[in-house]
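These notes are about the structure you will find just below.
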Amino acid sequence: MNVRWIAVADGNELSETASRRILAASEHAIAERGSFLVVLAGGQTPLGAYRRLRSAETDWSRWHVYFGDERCVPENDAERNSRQARDAWLDHVAIPAEHVHAIPAELGAERGAAAYAALLRDVGDFDLVLLGLGEDGHTASLFPGHEWNVAGADALAVVDAPKPPPQRVSLGAGRLSRAREVLFLVTGESKREAVTRWRAREALPAGAIRPSAGVDVLIESALLASP
Ligand code: 6PG
């Protein structure tokens with residue numbers, strides 16, 4: 001499977017490039033199929049791209065937003081990935097509220113995962129999946145040494161995540177791979193070791209995302225050079 005490493009100078013260029021790619025994917029999907037199914041990444045890295053999308057010119061009514069993972073904290077908690085995406089972007093544009101499919105992680109990991117798996121049953125392949133990379137090679141809430149659901153249920157309960165909070169809901173690697181395009185966003189020196197291991201083809205959660213078209217990794221160029 002192809003991993004295409006796309007170097008950008010810094011976080012600013014990463015946000016700019018990512019927002020342009022998200023918009024381009026949406027234009028293509030809307031022209032081809034009339035709708036755009038996008039899965040958002042959690043964490044800090046994508047927030048700059050999300051903010052830029054506030055001013056995008058697009059038919060927001062065609063957008064359908066899903067999440068790759070969610071943290072099991074109360075519904076409006078500032079640590080929720082969905083809340084951060086809403087604050088940065090979604091609450092500032094005209095995406096119909098019923099098109100934003102937050103993971104009900106406030107129900108707890110097990111019930112939240114079951115509810116989201118049920119919702120995804122009627123959803124086809126995603127047009128674009130955005131993902132981050134953790135220091136240990138995790139992506140979404142798929143952690144090394146844990147279940148990644150390469151072929152299992154669409155969503156899984158995570159109860160002892162090494163990154164807080166310990167309880168999370170994540171889409172499985174198989175479901176995240178059912179996408180026309182997958183785009184990882186990676187910045188920060190703390191990611192260097194994970195990037196090196198991924199490039200060396202070690203078995204990491206990030207490497208378990210294997211859509212047929214391969215994945216693109218937008219990455220700060222310094223992380224591809226020797227330290
Ligand atoms: C989360 C995530 C997680 C994240 C990476 C990178 O809920 O924390 O979805 O997989 O994307 O840990 O996080 P940063 O972008 O903050 O480095």
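Counting starts at 1 for both ligands and their atoms, in listed order. Keep in mind that this is a model prediction, so the values were computed, not measured.
- Proximity to Asn81 (heavy-atom distance under 4.0 Å) selects the following atoms of ligand 1: 1 (C), 7 (O), 9 (O).
- For atom 4 (C) of ligand 1, the nearest protein heavy atom (residue, atom name, distance) is Lys163 NZ, 3.8 Å.
- For the pair Lys191 and Glu135, the salt-bridge criterion is not met [side-chain N within less than 4.0 Å of a carboxylate O].
- Remark: Glu16 CD is packed, more than 12 non-hydrogen atoms of other residues, nucleotides or ligands lying under 6.0 Å away.
- Those atoms of ligand 1 that come under 4.0 Å of a heavy atom in Thr45, given as number and element, are 14 (P), 15 (O), 17 (O).
- Ligand 1 has a nitrogen or oxygen under 3.5 angstrom from a nitrogen or oxygen of Asp69.
- At least one donor-acceptor pair closer than 3.5 Å links the side chain of Glu220 to the backbone N or O of Gly188.
- Looking from atom 5 (C) of ligand 1 to the surrounding protein, the closest heavy atom is His138 NE2, 3.5 Å.
- Checked by distance only, ligand 1 and Gly42 come closer than 3.5 Å through their nitrogen or oxygen atoms.
- Within the 4.0 Å heavy-atom cutoff, Lys191 counts among the residues contacting ligand 1.
- Comment: Arg80 engages Glu106 in a salt bridge, judged by a side-chain N to carboxylate O separation of less than 4.0 angstrom.
- Between the side chain of Glu70 and the main chain of Ser82, a donor-acceptor pair closer than 3.5 Å is present.
- Note that Arg175 lies in the cation-pi zone of Phe126, set by a 6.0 Å cut-off to the ring centre and a 45° limit from the axis.
- Looking only at atom types and distance, the side chain of Ser19 has no donor-acceptor partner in the side chain of Arg52 under 3.5 Å away.
- Although no hydrogens or angles enter the test, the distance criterion places a donor-acceptor pair under 3.5 Å between the side chain of Arg54 and the main chain of Ala88.
- The option from Glu79, Glu70, Arg71 that lies nearest to atom 8 (O) of ligand 1, judged by heavy atoms, is Arg71.
- Ligand 1 has no atom lying under 4.0 Å from any heavy atom of Ala41.
- Per-residue contacts place Gly43 under 4.0 angstrom from the following atoms of ligand 1 (heavy atoms of the residue considered): 13 (O), 14 (P), 15 (O), 16 (O).
- Contact annotation: Glu135 has no heavy atom less than 4.0 Å from any atom of ligand 1.
- Looking only at atom types and distance, the side chain of Ser170 has no donor-acceptor partner in the side chain of Asp69 under 3.5 Å away.
- The single protein non-hydrogen atom nearest to atom 6 (C) of ligand 1 is Leu133 O, 3.5 Å, given as residue, atom name and distance.
- Outside the 6.0 Å centre-distance limit, the rings of Phe184 and Trp5 are not counted as a close aromatic pair.
- For Arg168, a nitrogen or oxygen atom sits less than 3.5 Å from a nitrogen or oxygen atom of ligand 1, counting backbone and side chain alike.
- Of all protein heavy atoms, the one closest to atom 10 (O) of ligand 1 is Ala140 O, 2.6 Å.
- With hydrogens left out, the protein atom closest to atom 16 (O) of ligand 1 is Gln44 N, 2.8 Å, a heavy atom.
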